[in-house]
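Because the structure is a prediction, the values reported are computed rather than measured. Within every chain, numbering begins at 1; the chains are lettered A, B, ... in the order of the sequence lines, protein sequences first and strands thereafter.
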2 protein chains.
Amino acid sequence: MLDATRRDDRTGQRTVDRTARRTENRYGNRPTMKDVAARAGVGLKTVSRVVNAEPGVTEDTERRVQEAIAALGFRRNDSARVLRKGRTASIGLVLEDLADPFYGPLSRAVEEVARAHGALLINGSSAEDPEREQELVLALCARRVDGLVVIPAGVDHQYLEPEIAAGVATVFVDRPAGKIDADVVLSDNFGGARGGVAHLIAQGHRRIGFIGDQPRIHTAVERVRGYRAAMEDAGLAVDDRWVSLGATEPERVRRAAEDMLTGPDPVTAIFSGNNRVTVTVIRVLAERERPVALVGFDDIELGDLLKPGVTVVSQDAAQLGRTAADRLFLQLDGAALPPERIELTTRLIQRGSGEIPPSSP
Amino acid sequence: MLDATRRDDRTGQRTVDRTARRTENRYGNRPTMKDVAARAGVGLKTVSRVVNAEPGVTEDTERRVQEAIAALGFRRNDSARVLRKGRTASIGLVLEDLADPFYGPLSRAVEEVARAHGALLINGSSAEDPEREQELVLALCARRVDGLVVIPAGVDHQYLEPEIAAGVATVFVDRPAGKIDADVVLSDNFGGARGGVAHLIAQGHRRIGFIGDQPRIHTAVERVRGYRAAMEDAGLAVDDRWVSLGATEPERVRRAAEDMLTGPDPVTAIFSGNNRVTVTVIRVLAERERPVALVGFDDIELGDLLKPGVTVVSQDAAQLGRTAADRLFLQLDGAALPPERIELTTRLIQRGSGEIPPSSP
DNA sequence: ATGAAAGCGCTAACAG
DNA sequence: CTGTTAGCGCTTTCAT
């Protein structure tokens, strides 16, 4: 790498212009503070003072140093700085998949908080794989991020204990951590689902289906629990064929929906457990003649423009991220807070699909 | 920070259990290779060998070192490693806004390529602010990322010249760089827009509006150019009132759409310049009685389920990211490639809204 | 106001 | 197979 540049340096020995001469080192031949100091005719520490805007440098010296910096194209090496200072001014965010419209806004919100605290955000996708989650988290710890926001894929986070003990601030979001005591910021998944299902019951539905994510995911479990609670509150029995938990792949969701919509005692309404599921269920229902009611967990874009509009239990992804990040920096700012569980409320948004009355089979 | 832990260390002097004793240092008191070496009764370099899975260590020694590592909760400090090795095994991605559904998949695609190369991805949002873009890029350079994928917000990237000369691999995506010669991966914005507008013309439309992003954004300019080319190809004049470039805020887009839909010579079709614009235009059209045709640049989720379905010129965000990242690692793997411009084709997807015939005013 | 020396934790280069 | 030494580029400490 960079051979071309090096060759230039060697051939045209006096090309002090674009590729100013300098000692050979790694990083593709970058000037260091030492180089700047030599060029400006000052001590190393003086350069450091200028670069970090520390006091105690005459205007004249400062100017000479700045000139040398510009001429050489110097840029401070933060790796060295971090090694000395012990703080990286960066935090990590491990989530499931940045391509999911739920996580984009969450990540952006965390980034904004980090930015306000002068920190950079490094985020990684676990792809819902516990091993990959751990791998990512530990890689971030090796880079000595100051703090960590984690949307857990796995259920056991004991591997984080030494890191937390060593001072890595940690907050879990969206799902609680497993086997470890730590801050966690959640939506009220149970209450939200319960309310959504109760809404369907209030419309007169008695046979209601639930299609959700895999049962090893906390939110899926909480939401199905909310569904069962609402049914029980209303004195309604739940047929096993009405409940389906599993991967959110369109094929599986489609099959699950079609199964509960046919045969004896078909459901007249469906509660879908997250945005991915909702999208597929909408497609299935659009193909059918008899109207079926639908309430989905998570809002979806353009949900208001479909016919009928999609009634949803909405959670605020950005607020989730913001709250977690705020909490993280509270920890980083030295507050010795006992681990806390923060729960954000959800909101039922009626748009039509959830207000469809039951139709006789 | 970490006072609690420290106090534990000092009080219970022999708590060799969870918080094993060790020398005081920064990073919230983390053990170093030296500590591990001392505990295992071996030399520092042997620990390094074990940690990096280098050959030349007996099974027995390795076991002892591993035990010490586990007992102390040692984790290699990558800052020090980077300082020594000169490579950070990380790349940076600067984009506009991670919360935009266009950039999520792009970022995820870059991440996957990085991961395949053993690198971590750090991404930052410029919020379409040139200053913030530069700030972010330079922060990433200070952290010595090996490479940079940039979706430019600004139009002048000369500030990157010293960095690139110093060996930071760089690829621009979605928009070309300004005043600097570098790799760039683009969609065929001109051709895509031209094709989309030609499609509307083929349906019989003669008065077609264009609503796009701000004219300082390259893609916006290219797409409006494509629009004008298609109109000219068909020998159609373009009324100034039919073309609107500006912020993608719903309010502005709504006003623009309503303006060109009313008054004398109202448009019978609209070409919307990106996903944000499309969403708002859909809302405006949904409120109107007379059907108006619509083709949008960028695909949008659930666009097929709306009535009518939304006809779009689709570009593949993930493919854009993948191509750019591949190119970046090609550079990093030492290929001395001359800067190239790679253009990806777009695809017209007919779903109904673009096939609406013109209606008489 | 300025600088020299020490050292952060690690790896490269060389001994043994 | 194993250990010792030097030094990556910076900040800290302490002289001057």
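We find that CG of B:D35 is positioned 11 Å from P of C:dC8, with the value rounded to whole Å. Atom NZ of A:K45 and atom P of C:dT2 are 13 Å apart (whole Å). Taking atom CG of residue B:L44 and atom P of nucleotide C:dA13, one finds them 16 Å apart after rounding to whole Å. One interatomic measurement links the two molecules: CG of A:L83 to P of D:dG7, which rounds to 17 Å at whole-angstrom precision. Between B:R81 atom CZ and D:dC10 atom C1' the separation is 20 Å, expressed in whole Å. Distance NZ (B:K34) to C1' (C:dG7): 10 Å, rounded to an integer number of Å. The nearest whole Å value for the distance from the CZ atom in B:R144 to the C1' atom in D:dC10 is 11 Å. Note: CG (A:N77) to P (D:dG9) measures 7 Å, nearest angstrom.
Among the protein residues, A:N52 comes within range of the sugar-phosphate backbone only, with heavy atoms under 4.0 Å from sugar or phosphate atoms but none that close to a base. Using a 4.0 Å heavy-atom distance criterion, B:R76 is classed as a sugar-phosphate-only contact.
When the nearest nucleotides of DNA chain C are assigned to B:R75 and B:R49 by heavy-atom distance, the more 5′-ward of the two goes with B:R75.
Proximity of A:K85 to the phosphate of D:dT12: a side-chain N or O atom is located under 4.0 Å from OP1 or OP2. When the side-chain nitrogen and oxygen atoms of B:T61 are compared with OP1 and OP2 of D:dT2, one or more of them lie within a distance under 4.0 Å. For C:dA1, neither phosphate oxygen OP1 nor OP2 lies less than 4.0 angstrom from any side-chain nitrogen or oxygen of A:T58. The phosphate of C:dC10 (OP1 or OP2) has no side-chain N or O of B:S48 nearer than 4.0 angstrom.
Relative to the side chain of A:M33, the nucleotides D:dG9, D:dG3, D:dT11 differ in distance, and D:dT11 lies closest. Set against D:dG3, D:dC10, C:dG3, the side chain of B:V42 has D:dG3 as its closest nucleotide.
Remark: B:R327 engages B:E340 in a salt bridge, criterion side-chain N to carboxylate O under 4.0 Å. Using a cut-off of 4.0 Å between Lys/Arg side-chain N and Asp/Glu carboxylate O, A:E112 and B:R132 are scored as salt-bridged. Look at B:D78 and A:R144 and you find no salt bridge, because none of the NZ, NE, NH1 or NH2 atoms lies under 4.0 Å from a carboxylate O.
Counting only heavy atoms from C-beta outward, the side chains of B:F172 and B:H157 approach each other to under 4.5 Å.
Judged by distance alone, with hydrogens and angles left aside, the side-chain atoms of A:R322 form no donor-acceptor pair with the main-chain N or O of A:A109 at under 3.5 Å.
With hydrogens and angles ignored, a donor-acceptor pair under 3.5 angstrom links the side chain of B:R84 to the base of D:dG7.
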